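This report refers to the structure that appears directly beneath it.
A, B, ... follow the sequence lines: proteins, then strands. Residue 1 opens every chain. Hydrogens, waters and symmetry mates play no part in the numbers below; they use all other heavy atoms, side chains included. Predicted model, so just to flag it, every value in this text is computed and none were measured.
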Protein chains: 2
Amino acid sequence: MEAITIKDIARALNLSTSTVSRALRDSYEINPETKRLVIEYAERLNYRPNPIALSLKENRSRVIGVIVPQIANNFFSNVINGIEAIAYSRGYYVIIFQSHESYERELATVQQVVDRKADGLLISLSSSTSDVSHLRLLQEKKLPIVLFDRVSSELAIPSVTADNFGGAFAATEHLILTGRRRIAHVTIPPYISITQERLAGYRAALEKYGIAYDEQLVRYASFGESEIGPIIDELLTQSPDAFFAASDRLAIGCLAALKKRNIAIPEAVSLIGFTNTPLADLLAPPMSTVEQPALEIGQTAAGHLIDLIEGKSGQLNSETVRIPTRLILRASS
Amino acid sequence: MEAITIKDIARALNLSTSTVSRALRDSYEINPETKRLVIEYAERLNYRPNPIALSLKENRSRVIGVIVPQIANNFFSNVINGIEAIAYSRGYYVIIFQSHESYERELATVQQVVDRKADGLLISLSSSTSDVSHLRLLQEKKLPIVLFDRVSSELAIPSVTADNFGGAFAATEHLILTGRRRIAHVTIPPYISITQERLAGYRAALEKYGIAYDEQLVRYASFGESEIGPIIDELLTQSPDAFFAASDRLAIGCLAALKKRNIAIPEAVSLIGFTNTPLADLLAPPMSTVEQPALEIGQTAAGHLIDLIEGKSGQLNSETVRIPTRLILRASS
DNA sequence: TTGTAAGCGTTATCAG
DNA sequence: CTGATAACGCTTACAA
């Protein structure tokens, strides 16, 4: 793995390193002949500048740190996909970290991002993060940050999320318009922004149609839980006539639980649609979905972050960008 | 983001940088009192060594490059999960790249890994990669490499895969034992190792039970294709009594296509089980699965790579480790 | 026990 | 047009 350096070229061509450096960067003050010589030689030996040396010199790493609660999650892996697309096209590398929904690990992980001298940070908060002072600290240190998906209103940091309110509103309205009145809502932990936004959308739709909000119809499931059967059981005592699940995982768990209990399934709507459309079609008879624009969230967030890093940020300061969701209706059978 | 350096500490304490450096690394030749002073001061100011400077000095980056065909894929994101777990616990960072199933992008991406001075490479080949000389070249340059999942027999490089042969054999045998004789096999592109291994397992099971191998019952679907309906139609002309799909995506597409055509679904077996067990249960009536140990593949591959990097590699040289798969039967309804 | 100096690969400043 | 030299942060002979 012995790489060739500017020094090697200089020695071979009997030039100084500075001349070689200039020639390679196509400086105007270099003799065209010398330039040609250097460039040819460099190409022949497949010279590649050492990015680590550059980082040290320029005090920047061209690396973006990304922290997600979990990688092995359809939504987040698609977001990462979007982030990478933009990052690589603009000359940045991406280092991915997971907080595993733990506040402590989020802290440690943020520290790693700082230690590694990332030029910027993209983060989606863990579900157990309520104190956000670690991010405020970074902000004060002028590290460019963009929040995505799980954001925080306590932070004046630019954010990118799906239009959770709108998606939840559309989903709930759809259920109401098809005649349901007792719509159960199975959702994710309460202390994260998206849960609140979805709940608000759900409530707003109920209100619009004069349906009273019933606390008994709402249940929160932690991310850890694998079995949501008990939660469905609780909800069933409230005789709901439809389910609105806040995630794929919950929608699937919900359908599975109902099926296991041989209960005729009302219509279920899942927020956060499947990227995997054939799968959603397969489960369709009782289920419509709200598609979440994971890719676009990633692209937008990465774009903003790089703008911030490069000082090209218009005045997008702590604004929250909301990417529209799409309701995909599937006929009931 | 002005970080504190050894220089700052030296200046503040009226010491030389080397003394500070030694004190921080707890060198024996430093006065305990000085040591205490330095360490205390460093902690108070939250000093963190600059990893970039270290990399430059030590000519290593403590970074592992990982190249997968796609991130947004249940299998690969779980593998990455396993890789990260091991890498972080052993002090390495992970940079993830995607080849997007393209040979050209794989080349470019491998180059990036080299340029970034990764200490090692974990790679799963793109489906369009047949020429593997780019990896042979790296190998000659002594870059530690471990292949996983999509490996190559042309390369004497340590590899980690699932027991694809065994999984396919078990799946096929299960179908045979429940009375099927014309088992269709929908699979992924032919030029990758896993396809061949699975096909071999399928054929071996047929042979064991004296069932003739029928080429007409095997179809290859590219990763790009979203609609596998036509392929299922072709297979249906062969009146199969079971399906053995080589991936989740194909299994789901297969079930969906059959359902759309209102065809009574025989039993289907999907290789590469769902990480998402409730989903598999939901789709169960006609489907059993072969679970692929994604996490373990990642952990094992990362472990081997780091052993190689640190020179602790026993004599695992170009061996292929096969992680067992697990057949999960689900009752037909 | 501590300090000086060189070096990792690169670029920028300042002289020639 | 080209060459020394210093600097980025850190470690490590080698001196003192």
Side-chain angles (χ1 to χ4, degrees), chain A residues 1-39 41-42 45-63 91 112 114-119 141, chain B residues 1-43 45-63 91 112 114-119 141:
Chain A
M1 284 279 54
E2 291 316 301
I4 156 156
T5 75
I6 264 187
K7 254 186 190 165
D8 299 326
I9 303 182
R11 200 175 315 124
L13 265 44
N14 249 313
L15 290 168
S16 74
T17 57
S18 33
T19 304
V20 173
S21 174
R22 287 189 191 101
L24 288 172
R25 349 197 62 245
D26 203 22
S27 163
Y28 64 98
E29 42 180 9
I30 293 286
N31 184 316
E33 178 56 14
T34 313
K35 216 181 261 183
R36 197 184 53 72
L37 228 61
V38 170
I39 293 179
Y41 188 83
L45 268 74
N46 197 25
Y47 165 79
R48 303 273 170 172
N50 181 334
I52 295 177
L54 277 173
S55 288
L56 183 59
K57 183 131 233 323
E58 299 175 357
N59 199 30
R60 49 129 75 191
S61 56
R62 288 206 159 270
V63 162
Q112 309 228 42
V114 173
D115 290 354
R116 265 273 144 182
K117 301 261 182 282
D119 292 343
K141 286 192 193 161
Chain B
M1 283 283 56
E2 291 315 302
I4 154 156
T5 74
I6 264 187
K7 253 186 193 165
D8 299 325
I9 303 181
R11 202 175 313 125
L13 265 42
N14 250 310
L15 289 169
S16 73
T17 57
S18 40
T19 304
V20 174
S21 173
R22 288 188 190 105
L24 289 172
R25 351 197 62 244
D26 203 22
S27 162
Y28 65 97
E29 43 181 7
I30 293 285
N31 183 317
E33 178 58 11
T34 314
K35 216 181 260 183
R36 197 185 53 72
L37 229 60
V38 171
I39 293 178
E40 252 172 27
Y41 188 84
E43 288 199 335
L45 267 73
N46 198 23
Y47 164 79
R48 302 276 171 170
N50 181 332
I52 295 177
L54 275 175
S55 289
L56 184 58
K57 180 125 235 322
E58 300 176 356
N59 199 30
R60 50 131 67 190
S61 56
R62 288 207 158 270
V63 162
Q112 308 228 42
V114 173
D115 290 353
R116 266 273 144 183
K117 302 262 181 278
D119 292 344
K141 287 191 193 162

Please check this pair: side chain of B:S61 against backbone of B:K117, looking for a donor-acceptor N/O pair closer than 3.5 Å.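 Yes; at least one donor-acceptor contact below 3.5 Å.
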Among residues at least two apart in sequence or on other chains, which ones pass side-chain contact (heavy atoms from CB on, under 4.5 Å) with [X]?
{"X": "A:P51", "value": "B:R116"}
{"X": "A:K7", "value": "A:T5, A:R11, A:T17"}
{"X": "B:E40", "value": "B:R36"}
{"X": "B:L45", "value": "B:I4, B:Y41"}

Each nucleotide N or O in nucleotides 2-6 of chain C that has a protein N or O under 3.5 Å away: list the pair and distance.
from: C:dT2; atom 1: OP1; to: B:T34; atom 2: OG1; distance (Å): 2.5
from: C:dT2; atom 1: OP2; to: B:N31; atom 2: N; distance (Å): 2.9
from: C:dT2; atom 1: OP2; to: B:T34; atom 2: OG1; distance (Å): 3.2
from: C:dG3; atom 1: OP2; to: B:S16; atom 2: N; distance (Å): 2.9
from: C:dG3; atom 1: OP2; to: B:S16; atom 2: OG; distance (Å): 3.2
from: C:dG3; atom 1: OP2; to: B:T19; atom 2: OG1; distance (Å): 2.6
from: C:dG3; atom 1: N7; to: B:R22; atom 2: NH1; distance (Å): 3.3
from: C:dG3; atom 1: O6; to: B:R22; atom 2: NH1; distance (Å): 3.3
from: C:dG3; atom 1: O6; to: B:R22; atom 2: NH2; distance (Å): 2.3
from: C:dT4; atom 1: O4; to: B:S18; atom 2: OG; distance (Å): 2.9

Using chain B heavy atoms and a threshold of under 4.0 Å, write down where along DNA chain D the contacts begin and end, 5' to 3'.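 Listed 5' to 3', the contact boundaries are D:dC8 to D:dC14.
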Identify, with sequence neighbours excluded, every residue that meets salt bridge (charged side-chain N to carboxylate O under 4.0 Å, His left out) alongside A:R22.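 A:R22: salt bridge (charged side-chain N to carboxylate O under 4.0 Å, His left out) contacts with A:E29.
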What pairs with B:D119 under salt bridge (charged side-chain N to carboxylate O under 4.0 Å, His left out), at least two apart in sequence or on another chain?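 Counting only residues at least two positions away or on another chain, B:D119 forms no salt bridge (charged side-chain N to carboxylate O under 4.0 Å, His left out).
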Find the distance [X]:[atom1] to [N]:[atom2] and express it as a whole number of Å.
{"X": "B:E58", "N": "C:dG9", "atom1": "CD", "atom2": "P", "result": "13 Å"}
{"X": "B:N50", "N": "C:dC8", "atom1": "CG", "atom2": "P", "result": "18 Å"}
{"X": "A:L56", "N": "C:dG7", "atom1": "CG", "atom2": "C1'", "result": "12 Å"}

For B:D26, side-chain hydrogen bond (donor to acceptor under 3.5 Å, both in side chains) partners two or more places apart: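 Counting only residues at least two positions away or on another chain, B:D26 forms a side-chain hydrogen bond (donor to acceptor under 3.5 Å, both in side chains) with B:K35.
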With A:S18 via side-chain hydrogen bond (donor to acceptor under 3.5 Å, both in side chains) - residues at least two apart: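 For A:S18 the side-chain hydrogen bond (donor to acceptor under 3.5 Å, both in side chains) partners, ignoring immediate neighbours, are A:S16.
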Rounded (10°) bend between the five-pair end axes of the helix from C:dT1-D:dA16 to C:dG16-D:dC1: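 The end axes of the helix from C:dT1-D:dA16 to C:dG16-D:dC1 are about 60° apart, to the nearest 10°.
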How would you list all residue pairs meeting salt bridge (charged side-chain N to carboxylate O under 4.0 Å, His left out) that involve residues 54-63 of chain B, not counting sequence neighbours?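 Salt bridge (charged side-chain N to carboxylate O under 4.0 Å, His left out) check on residues 54-63 of chain B returns no pairs.
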